[in-house]
Structures are given as C-alpha cells and as structure tokens.
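The analysis underlying the following values was restricted to heavy atoms, covering all of them including side chains, and did not include hydrogens, waters or symmetry mates.
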Amino acid sequence: MENKQSTKPNPVMGPLIPASIETGSVRKNTLWRKFVAQRHLQTMALLGVVWMIIFNYIPIYGLIISFKEYNIVKSIAEAPWVGLEHFRELFADEDLPNVIRNTLGISLIKLLIGFPLPIIFALFLNEVRSIRFKKTIQTISYLPHFLSWVVLGGILATWLADIGIINNILLALNLIDKPITYLAEPSYFWTIIITSDIWKELGWSAIIYLAAIAGVSPEMYEAATIDGAGRFQKMWFVTLPAIRATISILFVLAVSGVLNSNFDQILVLRNSLNDSTSNVIDYYIYQTGIVSNRFSYSAAVTLVKAVIALILLLIANQVSKKINDTSLF
C-alpha cells in the first residue's frame, strides 16, 4: 500500500524525510533554544522546584510515623506499627477542645477583620494623588513586615509592660486607674495577637491588590467619570469588580490556612499566665512533638490538620467557582 505520509525535501538528508518527524525535530530545537535563551530564569525556577521537592515532598514520607511508635534512636522502618492509636489518643485528649477553640477563634477573627483591611487600604491608597505622600505611606506600612517576630515580640512586650508606653498613655488620659500587665491577662491575648498581626502585615498584604488595581484599564475610569461617578462609586463599581478574581483566589488560600495561627507570633508572645487562650494547634504540636518527644503523636496531629486544611481548600475553591467563576483549579 502506498505510504501517503507527507514528505518534503531536506537539503542534507534527502527528499524523503517525513514532515512529521522533521516538524518534531524543529519543535525540540526551538524549545531547546528557548531554554538556552531563558537559562537564567529557568535556573531560578529549577532551584525553586528542587527546594519544594526537598522541603515539601520528601518530608511527606515522615507522616508514616503517625501510624507507628517512633523512637528517635531507631529508624522509621524499625518503628513498630500501632495503627490508629495516636489518632484515638488525640480525640480523647481533654486539652483538644480548648486548643481548637483558641485556634479557630484567633484565625476566624483574623480572617473576618484582617482579610478585608488590606483591600480597603489598597483602594484608598490608590486614590492618593501625591506620589511622594503615597510612597511614604507605603514605606511606613511595609516596614513592620521585614521585622521578625522575635524583634517585634520584644517591642510589644516592652510597650505592653506595666511600665510600658501603653500604660503610661492610658494613665495620663485617666482611662485606667492602675497599670495593666497585658501579656499576663488571658482576656487580652486574642486582641494583642490579632491587632499586632494586622499591624505587621497590612501594608505587605496590600501589595498584590495594588498590583491588580494597576492593571485596571484607565478607559473604565474615564467612562465612569463621563457617567458622573465619584471616587467612591469608581472604587465600588469599577475597581472592586476588576480585582474580584484576585480577591477570590486569596480568600480561598486564606480559608485553607484557617488552622494556622502564626506559630512564631504565638511562641514569642505567649507565657504560662495566658496559656488558656494562647494554646493553639501549632503550639500544641510543638509542645508534644519537640518538648515532650512524642514525635508520632505530633505527626498524627499534623496529619489531621493537613487533611482538614485540604478539605477547607476544596470547599472554598468550589464555592468561589460557583459564585465568582474563579478558582485555583
């Protein structure tokens, strides 16, 4: 039977090389040339992939100790299997309800207050016409993000001490009768954690919204101006709808991380006096795994937390897809 595969002449190999083979070869050469031309960017991306494999994927194997009685002097393979014993112990722990209450309380309040504030800040900052003033505000708001919680924790501990600046101001204004040691009072801990987290991350979190706003077409604002819209109407009817996809994606990610309570911040600001309101899941894992050397039990807690986070991610992603037609996948 006659072969009907198309051919075209080749100055080196002759006239009978199939076009599909030659096209594939050309495509490979083109991809290789692009890779060589972008070798610096590709190397940076490759380093990121290697980092993720080492620190995100290889450690997944360690979750197997959740089902074993792991001892640090033996390998994971030598540890005996105990099945679901650690999970049963977790759900029978008397401290678990308080840990869940603290974690969800802090995280949900952060989500309800801390998530919309960067959006509002970005919207108002975008309306500032003075470039110098705008850059000054941006610099001031970004600065706390670049300070570690070790540094900020020391600053806050000094401010909130009984002889700190907060007490001095309140006493001078006659708002309190005697100094308050805020970090020693459990009732103040959530407020301190949430407020300080917003203060530290507000400006940095607004960057991605400012970038999204910068991509809005000026013609849309011009059309709104012609229709008689004011600044607030432009923000509500032009800017917000234009960055809705960005808001949806970040909200999905925020919901999936609702069980995370910023371990660094908690570890720096907590103490034995505020333990009843500062014992969250991340600190509970640290306390049982590192301090008490119960590695298998802490791995079981981590696994349960990861499964719940995945479920929250899938639910939030599906809701976002139905409401805004925007999703991660």
Side-chain angles (χ1 to χ4, degrees), residues 90-91 93-121 141 144-145 147-161 164 166 180-206 247 250-291 297-298 300-313 315-316 319:
L90 166 64
F91 292 110
D93 192 344
E94 295 179 354
D95 293 333
L96 184 61
N98 184 56
V99 170
I100 294 176
R101 181 184 71 88
N102 292 334
T103 303
L104 292 180
I106 293 174
S107 297
L108 290 178
I109 295 175
K110 280 184 180 180
L111 184 64
L112 292 175
I113 299 177
F115 183 80
L117 281 180
I119 302 174
I120 298 172
F121 179 72
S141 63
H145 171 80
L147 300 177
S148 70
W149 274 113
V150 176
V151 176
L152 287 182
I155 294 174
L156 288 173
T158 303
W159 287 356
L160 297 171
I166 302 298
I180 301 173
T181 308
Y182 290 97
L183 289 178
E185 297 289 339
S187 58
Y188 292 110
F189 186 77
W190 285 15
T191 303
I192 295 171
I193 287 293
I194 294 165
T195 304
S196 60
D197 184 74
I198 293 173
W199 166 56
K200 185 176 187 295
E201 301 296 338
L202 176 64
W204 183 259
S205 299
I247 296 173
L250 293 179
F251 183 76
V252 170
L253 295 175
V255 170
S256 66
V258 75
L259 293 182
N260 297 324
S261 303
N262 199 341
F263 173 74
D264 295 344
Q265 180 189 21
I266 297 290
L267 185 63
V268 169
L269 296 177
R270 74 168 306 281
N271 54 59
S272 59
L273 298 176
N274 60 34
D275 182 72
S276 60
T277 54
S278 64
N279 193 11
V280 296
I281 289 180
D282 289 338
Y283 183 78
Y284 181 76
I285 293 172
Y286 163 77
Q287 186 72 23
T288 56
I290 303 300
V291 178
Y297 181 76
S298 62
V301 181
T302 303
L303 181 57
V304 172
K305 176 187 171 184
V307 171
I308 295 175
L310 177 60
I311 294 173
L312 290 175
L313 174 64
I315 293 174
V319 171

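- Distance check, rounded to the nearest 0.5 Å: OH of Tyr297 to OG1 of Thr302 gives 11.0 Å.
- Minimum heavy-atom separation, Gly203 to Phe121: CA-CE2, 4.2 Å.
- Looking at Tyr283 and Ser261, their side chains never come closer than 4.5 Å, going by heavy atoms from C-beta outward.
- Separating the CG atom in Leu267 from the CZ atom in Arg270 is a distance of 8.0 Å, to the nearest 0.5 Å.
- A donor-acceptor pair is defined here as one N or O able to donate and one able to accept, closer than 3.5 Å; such a pair exists between the side chain of Asn98 and the backbone of Ser276.
- In this structure, the salt bridge (charged side-chain N to carboxylate O under 4.0 Å, His left out) partners of Lys305, at least two apart in sequence or on a different chain, are Asp282.
- A donor-acceptor distance shorter than 3.5 angstrom exists from the side chain of Asn274 to the backbone of Asn271, with no hydrogens or angles considered.
- Of all heavy-atom pairs between Lys110 and Ile194, the closest is CG-CG1, 4.1 Å.
- At a threshold of 4.5 Å between non-hydrogen side-chain atoms, the residues Ser298 and Thr288 count as touching.
- Leu269 has its side chain within reach of Phe189: a pair of non-hydrogen atoms, C-beta onward, lies under 4.5 Å apart.
- Taking 4.5 Å as the limit, some side-chain heavy atom of Trp149 sits within range of a side-chain heavy atom of Asn262.
- Atom CD1 in Ile266 sits 8.5 Å away from atom CG in Asn102 (nearest 0.5 Å).
- Here the straight-line distance linking atom CD1 of Ile192 with atom CH2 of Trp190 works out to 13.5 Å at 0.5 Å rounding.
- Taking both residues in full, the closest heavy atoms of Val268 and Gly153 are given as CG1-CA, 3.3 Å, listed atom of the first, atom of the second, then distance.
- For the atom pair CG of Leu183 and CD of Glu185, the computed distance is 10.0 Å after rounding to the nearest 0.5 Å.
- Looking at Ile106, Thr277, Ile198 one by one, the single match for side chain to side chain contact (heavy atoms under 4.5 Å, CB included) with Ile193 turns out to be Ile106.
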Could you go through Leu202 and Ser141, starting from their C-alpha distance and side-chain angles, then the distance that decides it, and tell me whether this counts as side chain to side chain contact (heavy atoms under 4.5 Å, CB included)?
CA-CA 7 Å; Leu202 176 64; Ser141 63; 5.8 Å; no
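- Considering every non-hydrogen atom in both Gly154 and Thr158, the closest pair reads O-OG1, 2.9 Å.
- Listed by first and then second residue, the salt bridge (charged side-chain N to carboxylate O under 4.0 Å, His left out) pairs involving residues 151-160 amount to none (not counting sequence neighbours).
- For the ring pair (Phe, Tyr, Trp, His ring centres under 6.0 Å) test, no residue two or more places apart in sequence or in another chain qualifies with Tyr284.
- Between Trp199 and Trp159, the ring planes lie tilted relative to each other; the angle falls in the 30° to 60° range.
- Arg101 CZ to Asn279 CG: the interatomic distance, rounded to the nearest 0.5 Å, is 10.5 Å.
- Residues Val280 and Phe263 form no side-chain contact, since every pair of their non-hydrogen atoms from C-beta on lies 4.5 Å or further apart.
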